[in-house]
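Here's the structure we're looking at; comments come further down.
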Amino acid sequence: MPRGPLKCKIGPSILNADLSNLYAESQKLLDSGADYLHLDVMDGHFVPNLTLGHPVVKCLRNRIRNTFFEAHMMVDEPERWVEPMADAGISQYTFHVEATKDVIPLCRKIKEAGMKVGIALKPGTGIEAIRQYVDNADMILVMTVEPGFGGQKFISDMMPKVQWLRYNYPLLDIEVDGGVGLNTITACAEAGANMIVAGTAIIDAVDQRAVIASLRETVESSIHKCNV
Ligand SMILES: O=C(CO)[C@H](O)[C@H](O)COP(=O)(O)O
Ligand SMILES: [Fe+2]
């Protein structure tokens, strides 16, 4: 997968937002400096929670045209939703490595549907589960909480996975998701994450713009240190 210069990107998760106002909440995040939206899709099987699916994504896409939408697919049978999510306007389809036996064909299917490929791993999954697939992906998501719910405590023990990926893949997009906020961003940035998902830390903030700017500043200063 060809990779450009490493860029910091902040992608708020709307999981804990007021979903009765999904468009307004999403637009507010973008107006506050978010680079992309991280949409958490849960099926009640892969994780014990239900959220939104492609019909909701499609409605949001009709109102927000030029923004990168990542679908974080916490679902069994991720193969099933590739075409509906592409049709709904998803830009990157991030599936869990634990949810499929056919990682490479799934990556191919996602690309053929016109989306970028993200591969996620749960906290209990070791890096060896995705090592052989990194070259098939545009991004690796290291979960820093057990998937299923927003507002959980960041698991700092996940940082060696991020460090390993950054050491071996200097230009890879590496995302962290779960419990990431102002108190935990330094650990993520120093380990080498450049795509930052933050839910409650941004959604609950009085000043969303200030939190997004602060997360960005910490990550950009780590990227800068690595480049000098
Ligand atoms: O994938 C997720 C949960 O499975 C969410 O993206 C994540 O938890 C974001 O919320 P918070 O920052 O509040 O932890
Ligand atoms: Fe997520």
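We count ligands from 1, going down the list as the structure has it; atoms in each ligand are counted the same way.
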Q: Below 4.0 angstrom from a heavy atom of H38, which ligand 1 atoms are there? Numbered from 1 as shown, please.
A: 6 (O)

Q | Check ion pair R216-D35 (N to O, under 4.0 angstrom) | A | yes

Q) Ignoring hydrogens and geometry, is there a side-chain-to-backbone donor-acceptor pair from T51 to D40 under 3.5 Å? A) yes

**Q.** Pi-cation contact, F68 with K9 (under 6.0 Å, within 45°)
**A.** no

**Q.** Main-chain N/O of P78 paired with Y93 side-chain donor or acceptor, under 3.5 Å
**A.** yes

Q) For E146, does the CD atom sit with more than 12 other heavy atoms under 6.0 Å from it, leaving out its own atoms? A) yes

Q: Identify, by atom number and element, the atoms of ligand 1 in contact range of G150, meaning under 4.0 Å from any of its heavy atoms.
A: 8 (O), 10 (O), 13 (O)

Q) Which is it for D40 and ligand 1 at heavy atoms under 4.0 Å: side chain, backbone, both or neither? A) side chain

Q: Measure from atom 4 (O) of ligand 1 to every heavy atom in G148, G199, G151 and give the option owning the shortest one.
A: G148

Q) For R108 and N136, does a side-chain donor sit closer than 3.5 Å to a side-chain acceptor? A) no

Q) What are the atoms of ligand 1, with element, lying closer than 4.0 Å to any heavy atom of G179? A) 11 (P), 12 (O), 14 (O)

Q: Taking the Fe ion (ligand 2) as the vertex, measure the angle between atom OD1 in D40 and atom NE2 in H38; round to 10°.
A: 90°

Q: Write out the residue and atom name of the closest protein heavy atom to atom 8 (O) of ligand 1, then the distance separating them to 0.1 Å.
A: F149 O, 3.4 Å

Q. Tell me, which N, O or S atom in D177 is closest to the Fe ion (ligand 2)?
A. OD2

Q. What N/O/S atom of H72 is the closest to the Fe ion (ligand 2)?
A. ND1

Q: Just let me know how P147 lines up against ligand 1, side chain, backbone, both or neither, with a heavy-atom cut-off below 4.0 Å.
A: both

(Q) Show the atoms of ligand 1 that are less than 4.0 angstrom away from any heavy atom in T200. (A) 11 (P), 12 (O), 13 (O)

Q.
I'd like to check which ligand 1 atoms, numbered from 1 as shown, lie under 4.0 Å from a non-hydrogen atom of H72.
A. 1 (O)

Q) Does D31 come within less than 4.0 Å of R209, counting only side-chain N to carboxylate O? A) no

Q: Specify whether H38 and H72 have parallel, tilted or perpendicular ring planes, treating 30° as the upper limit for parallel and 60° as the lower limit for perpendicular.
A: tilted

Q) Have T100 and E79 got a donor and an acceptor in their side chains that come within less than 3.5 Å? A) yes

Q. Nearest protein heavy-atom contact for atom 7 (C) of ligand 1: which residue, which atom, what distance?
A. D177 OD1, 3.1 Å

